[in-house]
*Asks:* 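Quick one: the structure is below, questions incoming.
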Number of protein chains: 2
Amino acid sequence: MKDVAARAGVGLKTVSRVVNGEAGVTPDTEQRVREAILALGFRRNDSARILRKGRTSSIGLVLEDLADPFYAPLSRAVEEVARAHGTLLINGSSAEEPAREQELVLAFCARRVDGLVIIPASDDHRYLEPEIAAGIATVFVDRPAGRIDVDTVLSDSHGGARDGVAHLIAQGHRRIGFVGDHPQIHTAAERLRGYRTAMTEASLPVHGSWVSMGSTDPERVRTAIGAMLDGPEPVTALFAGNNRVTVTAVRMLRERARSAPVALVGFDDFELADLLSPGITVVAQDPAELGRTAAETLFRRLEGVHDAPKRVELPTRLIVRGSGEVPPA
Amino acid sequence: MKDVAARAGVGLKTVSRVVNGEAGVTPDTEQRVREAILALGFRRNDSARILRKGRTSSIGLVLEDLADPFYAPLSRAVEEVARAHGTLLINGSSAEEPAREQELVLAFCARRVDGLVIIPASDDHRYLEPEIAAGIATVFVDRPAGRIDVDTVLSDSHGGARDGVAHLIAQGHRRIGFVGDHPQIHTAAERLRGYRTAMTEASLPVHGSWVSMGSTDPERVRTAIGAMLDGPEPVTALFAGNNRVTVTAVRMLRERARSAPVALVGFDDFELADLLSPGITVVAQDPAELGRTAAETLFRRLEGVHDAPKRVELPTRLIVRGSGEVPPA
DNA sequence: CTGAAAGCGCTTACAG
DNA sequence: CTGAAAGCGCTTACAG
């Protein structure tokens with residue numbers, strides 16, 4: 001910029017004016033500055049601008065896995081909102097590791113992002129308190145924050161799971177298995193709770209062997225489902241706690257196609273669910289809407305809205321496609 | 001930092017030393033500084049650090065759509081490599097709009113990212129010349145750059161499509177349709193070329209109505225496929241130019257299940273392709289490997305490797321699952 | 001309409 | 001082992 005000013009024979013401030021399209025420069029001066037910019041290949045250094053202005057016009061998004069088909073649309077929705085606000089998106093995957101979540105969040109804060117959208121992997125976010133106090137707006141999405149009070153956008157995991165399991169009960173099922181993610185994950189715990197609610201509301205007992213929580217690794221899920229199907233009180237229907245479990249369940253039921261058919265309802269919709277035979281009945285969330293709502297909440301804060309932190313819960317939707325309407329054997 | 005120094009009764013440089021874990025501070029002094037940092041809730045401002053250091057330790061990734069199942073693993077792979085290099089990832093979706101691609105790239109450059117990984121939407125990248133001259137390392141992936149000479153990582157679209165179409169020919173098909181994306185997109189054009197190569201190698205004519213290029217919007221794809229199946233020279237097999245086309249083709253063939261079965265091979269693998277009936281035979285790329293290779297190439301440049309720009313072409317793999325082995329009616 | 005000075009919050013290069 | 005001065009490249013607040 002100094003070089004441009006020297007070459008154009010003007011002051012620094014005049015170059016700044018031209019670069020930022022501010023008024024108060026004669027066409028003639030502006031022309032000289034523009035020529036110097038072109039000749040020198042000058043591009044404004046936003047790092048310096050940011051340092052001086054205080055706002056970075058960037059936000060950070062921490063999620064579990066960018067490549068997960070559930071989070072990809074969420075992430076894209078956040079990006080679109082950010083773009084509409086002239087803001088850049090920095091993101092990172094926590095890989096479900098609390099230490100990595102914290103590392104990413106603090107790295108973003110050190111870059112002085114204006115705000116954060118977080119899908120947490122940990123359950124204690126007090127480490128964020130100084131950052132929030134320092135003015136970094138923060139919204140949690142998909143899962144709530146632990147031990148701090150911040151804006152949160154969730155899906156109704158409890159209600160969705162209850163609806164899905166009630167649907168199986170309505171088809172006549174009495175012995176229903178639940179396979180979920182690690183119980184520390186809020187959504188997993190809530191869905192299990194929804195399952196129990198539905199069973200209780202129908203006065204059905206829940207056999208201990210019908211519930212399995214843990215890694216969504218296919219091997220573990222297979223073992224769990226195998227035990228439910230071949231155990232002493234074999235289930236006639238399965239409720240899968242998320243998309244990864246559902247896919248493994250579909251594979252497994254396919255392989256056992258010769259045995260008595262087992263009904264299946266999964267939490268989370270996924271592409272091609274309608275093309276399988278039977279189509280997979282699911283409790284669908286709207287990940288893009290989660291992302292959009294979270295990002296809009298964030299920007300409302302950045303625009304200076306200062307009421308108490310809010311918790312938004314988005315409804316789920318049961319999509320009937322066939323797999324959940326298989327009657328009990 | 002000034003406040004911390006004042007409170008600890010030391011100089012700025014000493015605070016800097018403690019914050020950065022540099023040697024040469026007595027334990028006693030360090031202790032005082034740490035206490036001041038804690039008391040004041042001080043966090044280093046990386047914007048200032050960046051300005052002074054010259055390197056931002058961030059890279060930019062521009063792709064077409066973060067939410068596309070093909071690009072999500074690519075993006076994740078880039079992130080992992082960046083992470084291994086202590087670098088943050090900024091990303092944005094071009095939505096296949098050249099103006100948006102350029103806007104994102106220039107915004108990243110203004111933030112002085114150390115490097116760029118670009119999946120281009122445009123075919124003229126001369127606008128990048130000043131940035132590259134200014135030292136921003138750049139790698140193109142999935143599609144080549146236009147009118148500039150830079151590192152590029154591609155899949156073998158031509159060879160993959162040729163293999164896929166040759167596979168259909170080997171099953172006895174003579175009338176094969178090709179439905180692809182917009183012909184301006186390099187991969188789309190290359191796959192079409194692969195189709196023609198395979199047909200020519202088998203001395204088969206290509207009827208004009210067997211080729212349709214354009215938007216991957218389901219309505220357009222349906223119309224195109226309908227014309228091929230119901231036209232004067234009806235095809236007995238289809239080659240789909242990418243995952244979006246394949247999915248629409250699957251839906252359509254499913255609906256027409258009562259007519260003579262049509263063979264299908266698609267470019268790009270997708271989740272659950274094996275669970276459909278029949279399973280979908282595909283020419284698979286490895287998007288994560290594309291991303292990893294591109295990012296590693298980028299970091300090699302950032303570490304100072306200065307040979308001529310390289311072009312890497314990764315092989316594709318034909319995965320046989322059933323849909324491509326349907327014989328001609 | 002234009003520009004000189006100060007400052008954003010750090011690090012660098014140097015001196016003690 | 002420690003710190004004062006200069007500077008990274010901009011913008012702000014002000015004066016002319």
Side-chain angles (χ1 to χ4, degrees), chain A residues 1-34 36-37 40-58 86 106-114 130-131 134-136, chain B residues 1-34 36-37 40-58 86 106-114 130-131 134-136:
Chain A
M1 197 149 150
K2 211 164 51 183
D3 298 341
V4 172
R7 184 175 178 118
V10 299
L12 269 179
K13 178 62 206 172
T14 300
V15 178
S16 175
R17 283 194 183 96
V18 172
V19 169
N20 295 307
E22 286 169 32
V25 185
T26 38
D28 178 51
T29 314
E30 177 171 345
Q31 182 59 26
R32 287 214 317 284
V33 172
R34 290 211 181 281
I37 287 175
L40 268 37
F42 167 82
R43 311 268 172 154
R44 181 178 67 197
N45 181 331
D46 276 6
S47 299
R49 174 168 226 252
I50 281 164
L51 177 60
R52 192 58 239 244
K53 290 218 124 182
R55 257 211 179 189
T56 58
S57 293
S58 62
L106 293 180
F108 292 170
C109 290
R111 297 292 179 108
R112 294 296 190 270
V113 293
D114 298 331
E131 315 297 342
I136 296 187
Chain B
M1 197 149 147
K2 211 164 51 183
D3 299 340
V4 172
R7 184 176 180 119
V10 299
L12 268 180
K13 178 61 204 171
T14 299
V15 178
S16 175
R17 283 194 183 95
V18 172
V19 169
N20 295 306
E22 287 169 31
V25 184
T26 38
D28 178 54
T29 313
E30 177 171 347
Q31 182 58 27
R32 286 212 320 284
V33 173
R34 289 211 180 283
I37 286 175
L40 267 38
F42 167 81
R43 311 268 172 154
R44 182 179 66 197
N45 181 331
D46 276 6
S47 297
R49 175 168 226 253
I50 281 164
L51 178 59
R52 192 58 239 241
K53 290 218 127 185
R55 257 212 181 191
T56 58
S57 293
S58 63
L106 293 180
F108 292 171
C109 290
R111 298 293 179 107
R112 295 295 190 270
V113 293
D114 299 330
E131 314 297 342
I136 296 187

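Every chain is numbered from 1, with letters handed out A, B, ... down the list of sequences. These numbers were taken from a predicted model, which means no experiment stands behind them.
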*Asks:* Enter the distance from A:Asn45:CG to B:Leu51:CG here, rounded to the nearest 0.5 Å.
*Replies:* 6.5 Å

*Asks:* Requiring both pairing distances under 3.5 angstrom, list the stems that contain DNA chain D and are made of three or more consecutive Watson-Crick or G-U pairs.
*Replies:* C:1-3 with D:14-16, C:5-12 with D:5-12, C:14-16 with D:1-3

*Asks:* B:Thr29: which residues meet the side-chain hydrogen bond (donor to acceptor under 3.5 Å, both in side chains) condition with it, sequence neighbours left out?
*Replies:* B:Thr26

*Asks:* Residues from residues 44-51 of chain B sitting under 4.0 Å of DNA chain D, heavy atoms only?
*Replies:* B:Leu51

*Asks:* Find the distance between CD (B:Glu131) and SG (B:Cys109) and round it off to the nearest 0.5 Å.
*Replies:* 4.0 Å

*Asks:* Shoot me the first and last contacting nucleotide of DNA chain D against chain B, ordered 5' to 3', at under 4.0 angstrom to non-hydrogen atoms.
*Replies:* D:dC1 to D:dG9

*Asks:* Hey, which of these two, B:Gly24 or A:Lys53, hits DNA chain D nearer its 5' end, going by closest nucleotide?
*Replies:* B:Gly24

*Asks:* Would you indicate whether the side-chain heavy atoms of B:Leu106 and A:Arg43 approach each other to under 4.5 Å?
*Replies:* yes

*Asks:* Considering only heavy atoms from C-beta outward, does the side chain of B:Leu40 approach that of B:Arg7 to under 4.5 Å?
*Replies:* yes

*Asks:* So what does A:Arg43 touch, heavy atoms closer than 4.0 Å: a base, only the sugar-phosphate, or nothing?
*Replies:* sugar-phosphate

*Asks:* What's the shortest heavy-atom distance between B:Ala23 and B:Arg17, and which atoms?
*Replies:* O-CD, 3.9 Å

*Asks:* Might you point out which heavy atoms bring A:Ala8 and A:Val33 nearest each other, and give the distance in Å?
*Replies:* CB-CA, 3.9 Å

*Asks:* So which of residues 10-22 of chain A are in contact with DNA chain D, with a heavy-atom cut-off of under 4.0 Å?
*Replies:* A:Lys13, A:Ser16, A:Asn20

*Asks:* Could you tell me which non-hydrogen atom of B:Gly86 sits nearest to which non-hydrogen atom of B:Ser57, and how far apart they are?
*Replies:* O-CB, 3.9 Å

*Asks:* Are any of the side-chain heavy atoms of A:Val19 and A:Arg49 separated by less than 4.5 Å?
*Replies:* no

*Asks:* Answer yes or no: is there a side-chain heavy-atom contact under 4.5 Å between A:Ile136 and A:Phe108?
*Replies:* no

*Asks:* With sequence neighbours left out, which residue pairs that include part of residues 20-30 of chain A fulfil the salt bridge (Lys or Arg N to Asp or Glu O under 4.0 Å) condition?
*Replies:* A:Lys13-A:Glu22, A:Asp28-A:Arg32, A:Glu30-A:Arg34

*Asks:* Do A:Ser58 and A:Arg111 have side-chain heavy atoms sitting under 4.5 Å apart?
*Replies:* no

*Asks:* So which atom in A:Asp114 and which in A:Thr56 form the shortest heavy-atom distance, rounded to 0.1 Å?
*Replies:* OD1-N, 3.1 Å

